[in-house]
Amino acid sequence: MERHLCAILAADIVGYSRLMEADETGVLTRQKAHLSEFLLPTIERHHGRIVKLMGDGILVEFSSAVEAVSCAVEVQREMPLREATQPEASRIQYRIGINLGDVVIEDDDIFGTGVNIAARLEQAAEPGGICISGTVYDQLSALPGLKFSSLGEIEVKNIERPVRAYSTILSSDMTAPVPRPRRRRIATLVGGLILLMTLTSSGWFFWSQRAAGPNATRQTYGESVDDRPSIAVLPFTNLSGEEQEDYFSDGMTEDLITDLSKVSGLLVLARNTTFAYKDEPTDIRQVGRELGVHYVVEGSVRRVGARVRINAQLIDASTGGHIWAERYDRDMTDVLELQDEVVKKIVAELAITLKPDEAERLAEPKQVDPEAYDLLLRGLEQFRRFSPDTNRTAREYFERALSIDPDFARAEADLALTYAMDSEQLWTQEPHIASRKARTHAERARDLDPNLAQVYFAFSLVHRNLGDMEASIAASEHAVELDPNYADGYATLASSLAYAGRVEDSFAAIEHAVKLNPIRAFFYVWIEGLAHYVAGEYEKAAERFERVLRANPEFTAAHRMLAATYIELGRVADAEWAAHEVMATAPNFRVALDAQITNFTDPEIKKRYLAALRQAGLP
């Protein structure tokens, strides 16, 4: 019996019995047309797998919560248009419920609490609306244009614990929250079998040593067996009594992941993957099997005024038995030292041998201004949403943190990243000025803490935007040397390798990132598209960029790469659409500005790319 984590979408027709009684033939004919012409192609485009087709409903599984919600949004926006010619009382409307949870697979069907919750949420949705669980909501930072209202914790039938739920109603006249590529003609599907996007094969990747000899000028990236103890840190539960305090417990969890990942003797999964389990009842042994880890850390955070209480426990995922557990009550000023204590305990219990620099780092006394730390966590929550507005908001939080604590290296490094993002995404009319500001803040962060991996992540973006690809690659390599489990560090390395024309190394690096972060971030997919573009594999590149934009329609870099890719494919009308979306997300865009920050090492590729943008109609 197989189990896995997935997003489950349950939908049914509102008032089906009433509609059938009034016009059985008409309803069946229209519903069949909706399925073949619209619903099945839409599910396919969002990489869903149809589990069941029923007379009045459908059950679909997705590997991504973002894809499930994007699919639901498209369905609920388009259905009023498809039914517009029908009398209001006769229109087919759907309710949709979506949950992210563990399911049991048997004979191609899925069962379990995760499915039951999705079905109950569908019943709680308004006609034409979508109701999602809290676990799905927490994955939606990549859909900044979509607004859900909280329903609080609702009781659902046959589920012991209340479920945190959110709802929205969409209509055809709303501004599209998920802009998507122009529809291509899709043949009518035969049956309901849809291919589920598969995860990449198991196995862990390491950097091989630079080859010896005078001609050794390239580092290669290859497959290797990893026998380090592997560990996943699940999101700590917020016990503060206020949902808006989630950013704090989430931030504490992320900091613990970051601190553990700096221990070279451990293999630590990234935040994006472990946060898929947020607010889900978890069987630790099942988590261990799903994520392929030996150990799991879980706990809770309660903040009251200037005090913070943390409960943490280390569990053997193979048996579910506790190896170590501790409760800490501290002042907020001691929160960084508290995190180091937890890391030390885990390292000691697992008998990990620390390198001298790792032991020295953990021995250093650390304190942080509690208000500055709080502002940092608020800023990171905004920064991860990846849009022009949230990037500016994040910058304001980091600047406020630095006004309180001018020596806060992490805030300085993250401030550098906001300027680097402005430059890379062309969210500014002066990308080189933004890059220089990013470099200034990165240099100051390095002076404050030369061992902070995020500093070199920022330097990698800065050097790339300023045209020094070798320096960009070197900065990324140094970031992952400092933090061997830094998934995003491997990802930015992969993008610089792609720009440099080292496509095979780029694919190996992004695959390494995915192994550390199996529930991949949307920009990992963008990097895959970039590598395919450099390799001249334009169909594959276009598919990746389209997928990125379904996850985050404000990611300007994907729009402009897609415009150039469509030109290479001879799809001029689609390229013109993509160019329109570039201008919608970055009104200041000019090809001349892009030429400053898009630095393909191969001059012929850069020349073709810029010519394609002009042919697509970009100014």
Side-chain angles (χ1 to χ4, degrees), residues 133-135 137-139 141 150-155 160-166 231-260 268 271 274-284 287 295-315 320 322-346 349 362 365-382 384 397 400-401 404-405 408 410-411:
S133 66
T135 54
Y137 180 82
D138 294 332
Q139 301 296 311
S141 62
S150 174
L151 300 178
E153 292 192 338
I154 63 174
E155 300 287 340
E160 182 178 348
R161 293 174 53 184
V163 175
R164 183 162 55 95
Y166 299 80
I231 192 165
V233 183
L234 298 183
F236 277 33
T237 304
N238 168 27
L239 297 181
S240 300
E242 298 291 340
E243 187 177 320
Q244 57 266 33
E245 285 288 302
D246 273 5
Y247 78 90
F248 186 81
S249 55
D250 290 353
M252 290 283 292
T253 307
E254 184 172 4
D255 274 356
L256 183 55
I257 292 171
T258 299
D259 288 345
L260 280 169
V268 185
R271 174 196 189 278
T274 60
F275 268 63
Y277 292 86
K278 184 176 169 68
D279 295 332
E280 279 288 294
T282 51
D283 178 332
I284 296 300
V287 171
Y295 304 99
V296 172
V297 176
E298 65 174 5
S300 63
V301 177
R302 182 191 298 274
R303 183 171 62 155
V304 180
R307 301 284 294 178
V308 60
R309 171 178 291 179
I310 294 181
N311 289 289
Q313 49 194 354
L314 176 65
I315 303 168
H322 286 68
I323 298 173
W324 160 80
E326 188 65 79
R327 186 177 74 179
Y328 300 89
D329 281 291
R330 298 289 175 82
D331 287 330
M332 277 292 298
T333 53
D334 298 326
V335 69
L336 296 185
E337 286 194 355
L338 187 157
Q339 292 167 5
D340 278 352
E341 277 192 43
V342 174
V343 172
K344 289 176 187 176
K345 286 285 188 180
I346 292 170
E349 292 293 340
L362 288 174
K366 299 182 184 69
Q367 282 196 325
V368 63
D369 183 284
E371 186 177 355
Y373 183 69
D374 184 86
L375 289 166
L376 174 78
L377 298 187
R378 290 178 186 270
L380 289 173
E381 192 272 337
Q382 290 292 310
R384 283 194 296 267
Y397 279 123
R400 287 169 59 190
I404 295 167
D405 183 355
F408 197 176
R410 179 63 194 274

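In what follows, every heavy atom counts, from backbone to side chain, and hydrogens, waters and symmetry copies are set aside. For this chain, numbers begin at 1 and follow the sequence in order.
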Pairing residues for Asp250 by the side-chain hydrogen bond (donor to acceptor under 3.5 Å, both in side chains) criterion, not counting sequence neighbours: Lys278
Sequence neighbours excluded, which residues qualify as side-chain hydrogen bond (donor to acceptor under 3.5 Å, both in side chains) partners of Tyr373? Asp255, Gln339
Mind checking the CD1-CG spacing from Ile323 to Leu314? Nearest 0.5 Å is all I need. 4.5 Å
Working to the nearest 0.5 Å, report the span between OH of Tyr295 and CD1 of Ile284. 14.5 Å
Sequence-distant partners of Gln313, side-chain contact (heavy atoms from CB on, under 4.5 Å), two or more places apart: Glu298, Ile315, His322, Ala325
Taking every heavy atom of Ser133 against every heavy atom of Val163, the minimum-distance pair comes out as CB-CG1, 4.2 Å
Residues forming a side-chain contact (heavy atoms from CB on, under 4.5 Å) with Glu254, sequence neighbours excluded: Thr258, Arg271, Arg384
Using side chain to side chain contact (heavy atoms under 4.5 Å, CB included) as the criterion, point out the one residue from Thr253, Val296, Val297 that pairs with Leu234. Val296
Taking Leu239's backbone N and O only, do any of them form a donor-acceptor pair with Arg302's side chain (distance below 3.5 Å, no angle check)? yes
Looking only at non-hydrogen atoms, find the nearest pair between Asp405 and Ala372 and report the distance. CB-CB, 4.0 Å
List in chain and number order the residues that pass side-chain hydrogen bond (donor to acceptor under 3.5 Å, both in side chains) with Arg307, two or more places apart in sequence or in another chain; answer none if no residue qualifies. Asp331
Nearest-0.5 Å distance that lies between atom CG in Leu256 and atom CD1 in Ile310: 8.5 Å
Between atom CD1 of Ile346 and atom CG of Leu260, what is the distance when rounded to the nearest 0.5 Å? 4.5 Å
Any non-hydrogen side-chain atom of Asp374 less than 4.5 Å from a side-chain atom of Phe248? yes
With a cut-off of 6.0 Å (strictly less than), are more than 12 heavy atoms of other residues, nucleotides or ligands near CD of Glu326? yes
Out of curiosity, Leu375 CG to Phe408 CZ, how far, rounded to the nearest 0.5 Å? 9.5 Å
Could you give the distance from OH (Tyr166) to CG (Leu151), rounded to the nearest 0.5 Å? 9.0 Å
Applying side-chain hydrogen bond (donor to acceptor under 3.5 Å, both in side chains) to Ser300 and not counting sequence neighbours gives Asn311
